[in-house]
Amino acid sequence: MKMKLLLVSAMLLQGIAGNSQEVAFEEYDLDNDLHVILHQDNTAPIISISVLYHVGSKDEDSKRTGFAHFFEHLLFEGTENIEKGEWDKIVSSNGGSGNATTDEDRTYYYEVFPSNNLELGLWLESERMLHPVINQKGVDTQNEVVKEEKRLRVDNSPYGKFIENIKKNLFQNHPYKETVIGKMEDLDAATLNEFIAFQKKFYSPNNAVLVIAGDFEKENAKKLISDYFEDIPKGKEITRNFPKEEPITTEINAKAYDSNIQIPASMIAYRTPGLKNRDSQVLKMISTYLSDGPSSKLYKKMVDDKKQALQIGAIPVTLEDYGMYIIFALPVGETGLSTLNISIEEEVTKLRNELISENDYQKLQNKFENQFVNSNSSIEGIANSLAEYYMQYDDTSLINKEIEIYRSITREEIKEVANKYLKPNQRLVLEYLPEQNTAN
């Protein structure tokens, strides 16, 4: 009966995913090579305007880390036509909201407005691209903002430095070894001319995609896009040639210390392929199988059954050039970190040696179908997905097709990929310890 219910659920989800989630879009290039994607949906009077720039922390000089994240802040400072401090006021006073995010590969800016503010949103983003004011006062202001963010999110946050310790051990050559927020001493040492040069190099129309999603009329939108963006000069062609990493063939053991924690943690991490590699999708399924929620294998075993772990989870980090698959666990009571590692490896070994059950496989498929149904449930989410699929995957149509990849992944492929990437000699084992343990 349980299997029948799972099959019925899968059929229903497949029907929903196949029929109601189709995202219609149109895409084209301006003469300055700004890529434009339009998704018209007039069911609600809202609109999302977003610009994704193909620049992240990996594009920085190794002695000037943190620039991309710094510009996420700096490009809100003001423009030739928007006074310092007025950007957020303009957005909020017109019923809108907005923000920006930066990671290793890209920087994303967006606003969501009532649909009668399409022109306002396009003007704002064209101002950010064409007329940013980058002066010493703005740099000094944002330098303090970034320092405070680092203190809050990294330096004074429990387990806040785990990702930087994982990255510096998994990567020796590629710039992924650095954190997105960067080193404050690098920002302090940077000159104004260096900031200006970074902006000119990366924040140009030929290194960006503009997405409009929501309630608008296409011909009007196209005219406004032409009016506000067509005359922005094209930047120089950007070439990227990052150093490659040698395969990990021997287990890496490392320790890190954190004055903000009392409970140690074990962190096991593997270097995985870039996001365009099909194996990265298989690894997402593996992560879900092992540690997504109370029904996952590691949670049931180590938290519920054996009472070894207070918490356990996994983070599949999918980036353009490489990825990271990170499993973390916090022990209960006197449980040692080595005990946690043994329990984790037992489950990973099963994945390498055995096919997961048909029942578990169907649960996985159901979860991914459900995630797909929910992923584009908002205009804001659709705009983000369209930008990401175009810029990072070179295939905007994946917004409708990616679920087919997950449907096609077999139990045999899960076993094969686990064998390919998740062996003990390919991993980092990081002991993340309270700082007072440094004397031991």
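Since the model is a prediction, treat every value here as computed from it, not as a measurement.
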How far apart are the C-alpha atoms of Asp360 and Arg411, what are their side-chain angles, what is the distance that settles it, and do they pass the salt bridge (charged side-chain N to carboxylate O under 4.0 Å, His left out) test? CA-CA 10 Å; Asp360 286 336; Arg411 295 188 300 150; over 6 Å; no
Please assess Tyr159 against Tyr432 for the test ring-ring contact (aromatic ring centres under 6.0 Å, His included), listing each intermediate value before the final yes or no. CA-CA 8 Å; Tyr159 309 97; Tyr432 199 87; 5.8 Å; yes
Output, in order, the C-alpha distance, side-chain angles, deciding distance and verdict of side chain to side chain contact (heavy atoms under 4.5 Å, CB included) for Thr79 and Leu124. CA-CA 9 Å; Thr79 74; Leu124 285 168; over 6 Å; no
Check this for me, if you would: do Glu347 and Lys350 make a salt bridge, where the nitrogen-to-carboxylate-oxygen distance has to be below 4.0 angstrom? yes
Residues Lys161, Asp155; criterion side chain to side chain contact (heavy atoms under 4.5 Å, CB included); working and verdict: CA-CA 7 Å; Lys161 295 181 180 180; Asp155 298 339; 3.7 Å; yes
Derivation of the salt bridge (charged side-chain N to carboxylate O under 4.0 Å, His left out) call for Glu354 and Lys415: CA-CA 7 Å; Glu354 305 168 14; Lys415 178 174 178 287; over 6 Å; no
Is the side chain of Asn32 donor-acceptor paired with the backbone N or O of Ile232 at a distance under 3.5 Å, no angle test? yes
Check this for me, if you would: do Glu60 and Arg64 make a salt bridge, where the nitrogen-to-carboxylate-oxygen distance has to be below 4.0 angstrom? no
For the rings on Phe71 and Tyr203, is their centre-to-centre separation under 6.0 Å? yes
If you count heavy atoms of other groups shown closer than 6.0 angstrom to CZ of Arg151, is the number above 12? yes
Using a strict threshold of under 4.0 Å (side-chain N to carboxylate O), is an ion pair present between Asp394 and Lys276? yes
Are the side chains of Lys423 and Tyr270 in contact, using a 4.5 Å heavy-atom criterion? no
Within 6.0 Å of CD in Gln136, more than 12 heavy atoms from elsewhere: yes
Is the shortest side-chain N to carboxylate O distance from Lys63 to Asp186 below 4.0 Å? no
Can Lys401 and Asp395 be counted as an ion pair, charged N to O under 4.0 angstrom? yes
Could you tell me whether Glu237 atom CD has more than 12 heavy atoms of other residues or ligands within 6.0 Å of it? no
Charged N-O contact under 4.0 Å between Glu104 and Lys58: no
Is it the case that the side chain of Asn165 and the backbone of Ala256 share a donor-acceptor pair, with hydrogens and angles ignored and the cut-off at 3.5 Å? no
Presence of salt bridge, Arg407 and Glu369, under 4.0 angstrom: yes
Can you tell if the side chain of Met285 reaches within under 4.5 Å of the side chain of Lys367, non-hydrogen atoms only? no
Partner residues of Lys201 under the side chain to side chain donor-acceptor pair (under 3.5 Å) criterion, sequence neighbours left out: none
List the steps, then state whether side chain to side chain contact (heavy atoms under 4.5 Å, CB included) holds for Ile315 with Phe162. CA-CA 12 Å; Ile315 308 169; Phe162 88 88; 3.9 Å; yes
Is any NZ, NE, NH1 or NH2 atom of the basic residue among Lys137 and Glu77 found under 4.0 Å from an Asp or Glu carboxylate oxygen of the other? no
Check whether any side-chain N or O of Glu111 sits under 3.5 Å from a backbone N or O of Val91 as a donor-acceptor pair, and report yes or no. no
Please say whether more than 12 non-hydrogen atoms of neighbouring residues, nucleotides or ligands are located less than 6.0 Å from NZ in Lys84. yes
Tell me if the CD atom of Glu83 is crowded by more than 12 foreign heavy atoms within 6.0 Å. no
Where is the tightest heavy-atom contact between Leu130 and Pro132, given as atom of each residue plus distance? C-CD, 3.3 Å
Applying ring-ring contact (aromatic ring centres under 6.0 Å, His included), which residue pairs with at least one partner in residues 125-152 are found, sequence neighbours left out? none
Can you check whether Asp188 reaches Lys147 side chain to side chain, under 4.5 Å on heavy atoms? yes
Give me the one residue out of Thr191, Leu192, Leu187 that meets side-chain contact (heavy atoms from CB on, under 4.5 Å) with Val139. Leu192
Counting distance only, does the side-chain N/O of Tyr176 pair as donor-acceptor with the main-chain N or O of Met324 below 3.5 Å? no
Using the ring centroid of each side chain, check whether Phe25 and His39 are separated by less than 6.0 Å. no
Side-chain touch Thr318/Thr272, heavy atoms, less than 4.5 angstrom: no
Between Lys167 and Glu178, is there a side-chain N and carboxylate O pair less than 4.0 Å apart? no
Cation-pi geometry met for Lys222 and Tyr28 (6.0 Å, 45°): yes
Does Arg352 come within less than 4.0 Å of Glu416, counting only side-chain N to carboxylate O? no
Decide, yes or no, whether a salt bridge links Lys89 with Glu86 under the criterion of side-chain N to carboxylate O below 4.0 Å. yes
Do the side-chain N and O atoms of Glu402 and Tyr389 include a donor-acceptor pair separated by under 3.5 angstrom? yes
Neighbour count >12 (heavy atoms, 6.0 Å) for atom NZ, Lys218: yes
Parallel, tilted or perpendicular: which fits the ring planes of Phe67 and Phe195, with parallel below 30° and perpendicular above 60°? parallel
Cation-aromatic face contact Arg128/Phe76, 6.0 Å, 45 degrees: yes
Using a 3.5 Å distance criterion without hydrogens, assess whether the side chain of Glu72 forms a donor-acceptor pair with backbone atoms of Thr102. yes
Can you check ring-ring contact (aromatic ring centres under 6.0 Å, His included) on Tyr53 and Phe202, steps first, answer last? CA-CA 7 Å; Tyr53 292 92; Phe202 291 107; over 10 Å; no
Will you find, in the side chains of Asn425 and Thr250, an N or O donor that is under 3.5 Å from an N or O acceptor? no
Hey, mind stepping through Arg240 and His54 against side chain to side chain contact (heavy atoms under 4.5 Å, CB included) and telling me if it holds? CA-CA 11 Å; Arg240 293 177 171 90; His54 197 184; 3.9 Å; yes
